[in-house]
*Asks:* 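Have a look at this one.
As the structure is a computational prediction, the values presented were derived from the model and not from experiment. Numbering of ligands and ligand atoms starts at 1, following listing order.
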Amino acid sequence: MMLARVLGLELDLVLTNIMEGAHMTPEYLKMNPQHTIPTMDDNGFILWESRAIMAYLVNAYGRDDSLYPRNPRQRAIIDQRLNFDVGTLSPVYLNLYRPVLFQGEEMNEENVKKMNEILGYLEGMLEGKPFLAGDNLTIADISIIVTVTNLDAFGFDLSPYENVMKWFERTKKELEPYGYTEIDHAGGQILASFLKKE
Ligand SMILES: N[C@@H](CCC(=O)N[C@@H](CS)C(=O)NCC(=O)O)C(=O)O
C-alpha cells in the first residue's frame with residue numbers, strides 16, 4: 001500500500017476477512033490457490049507474494065527504476081535483502097510472536113535469541129549505508145520496515161542495533177508522505193493491542 005502511494009497508483013482495495021474465511025472461497029482459490037493475502041489483480045493479471053507484487057509494480061509503473069534498479073548488481077543486492085526478509089527475518093519474527101499473539105503463550109527465550117541474531121545480520125547490512133541497498137530508498141526498505149515496525153510496536157529492544165535504529169528513523173521519515181503512520185504504524189499498533197490483551 002505504501003509503495004502504491006510512492007508510485008502514485010490508486011489501489012482498489014478489497015478487504016478479505018481471514019477470520020471469516022473469505023480467503024478460502026472458491027473464487028479466491030481460483031485466483032490464488034495458496035490463499036494468501038495480499039493478492040493483486042491488475043486488469044486480469046493475478047499475482048501474490050507481496051515482494052513480487054512490489055517488484056512488478058515498479059517494473060510496470062515506476063517513472064524510473066530507482067526503487068528497483070535494472071542494473072544487475074544493484075538489483076542483486078535488493079533481491080538479496082528481499083530474500084533475507086522472506087526467508088529469514090520474517091519467519092524468525094513469526095516464530096517468536098505467532099504463539100504469543102494467537103495462542104497466548106509466553107515468549108520463548110531461544111526464539112528471542114534467534115531474533116537478536118537476525119537483527120545483528122541486518123545491522124551488518126546497514127553498515128555505512130543510509131538505506132538497505134545503498135544511498136536511496138528501494139523496495140527492500142519498504143518490505144523490511146514492516147517487520148521492524150511490528151517489532152518496535154511489540155516492545156522488542158532494538159537499541160543494541162544502532163544502524164538499524166538510524167535506518168528505521170530515516171526510512172519512517174522518507175515514507176511518511178506516503179502514509180507510513182496511517183498504514184504501517186497503525187497496522188503494528190493493531191497487532192500490539194492483541195499482545196496487550198493477553
Ligand atoms: N510471503 C507472503 C505471506 C502472505 C501471508 O502469509 N499472508 C497471511 C496474512 S498476513 C495470510 O494470507 N494468511 C492466510 C493463509 O495463509 O491462509 C507475502 O508476503 O505475501
*Asks:* Could you go through ligand 1 and note, for every N or O atom, any protein N or O atom closer than 3.5 angstrom, writing the atom names and distance to 0.1 Å, or 'none'?
*Replies:*
| from | atom 1 | to | atom 2 | distance (Å) |
| --- | --- | --- | --- | --- |
| ligand 1 | 1 (N) | E49 | OE1 | 2.7 |
| ligand 1 | 7 (N) | I37 | O | 3.0 |
| ligand 1 | 12 (O) | I37 | N | 2.8 |
| ligand 1 | 17 (O) | H23 | NE2 | 3.3 |
| ligand 1 | 17 (O) | H35 | O | 3.3 |
| ligand 1 | 17 (O) | H35 | ND1 | 2.8 |
| ligand 1 | 19 (O) | S50 | N | 3.4 |
| ligand 1 | 19 (O) | S50 | OG | 2.6 |
| ligand 1 | 19 (O) | R51 | NH1 | 3.1 |
| ligand 1 | 20 (O) | S50 | N | 2.9 |

*Asks:* Is W167 close to I144 at the side-chain level, that is, under 4.5 Å between some pair of heavy atoms?
*Replies:* yes

*Asks:* With sequence neighbours left out, write down each residue that passes ring pair (Phe, Tyr, Trp, His ring centres under 6.0 Å) with F154, or none if nothing qualifies.
*Replies:* Y97

*Asks:* Would you call the rings of Y180 and H185 parallel, tilted or perpendicular, taking 30° and 60° as the class edges?
*Replies:* tilted

*Asks:* Flag this pair as yes if the NZ/CZ of K30 is under 6.0 angstrom from the six-membered ring centre of Y28 and inside a 45 degree cone about the axis; otherwise no.
*Replies:* no

*Asks:* Going through the distances and angles, do R5 and E182 end up as a side-chain contact (heavy atoms from CB on, under 4.5 Å)?
*Replies:* CA-CA 12 Å; R5 288 205 193 169; E182 180 196 334; 2.9 Å; yes

*Asks:* Specify the closest pair of heavy atoms between R75 and Y68, including all atoms of both residues, with the distance to one decimal.
*Replies:* NH2-O, 2.8 Å

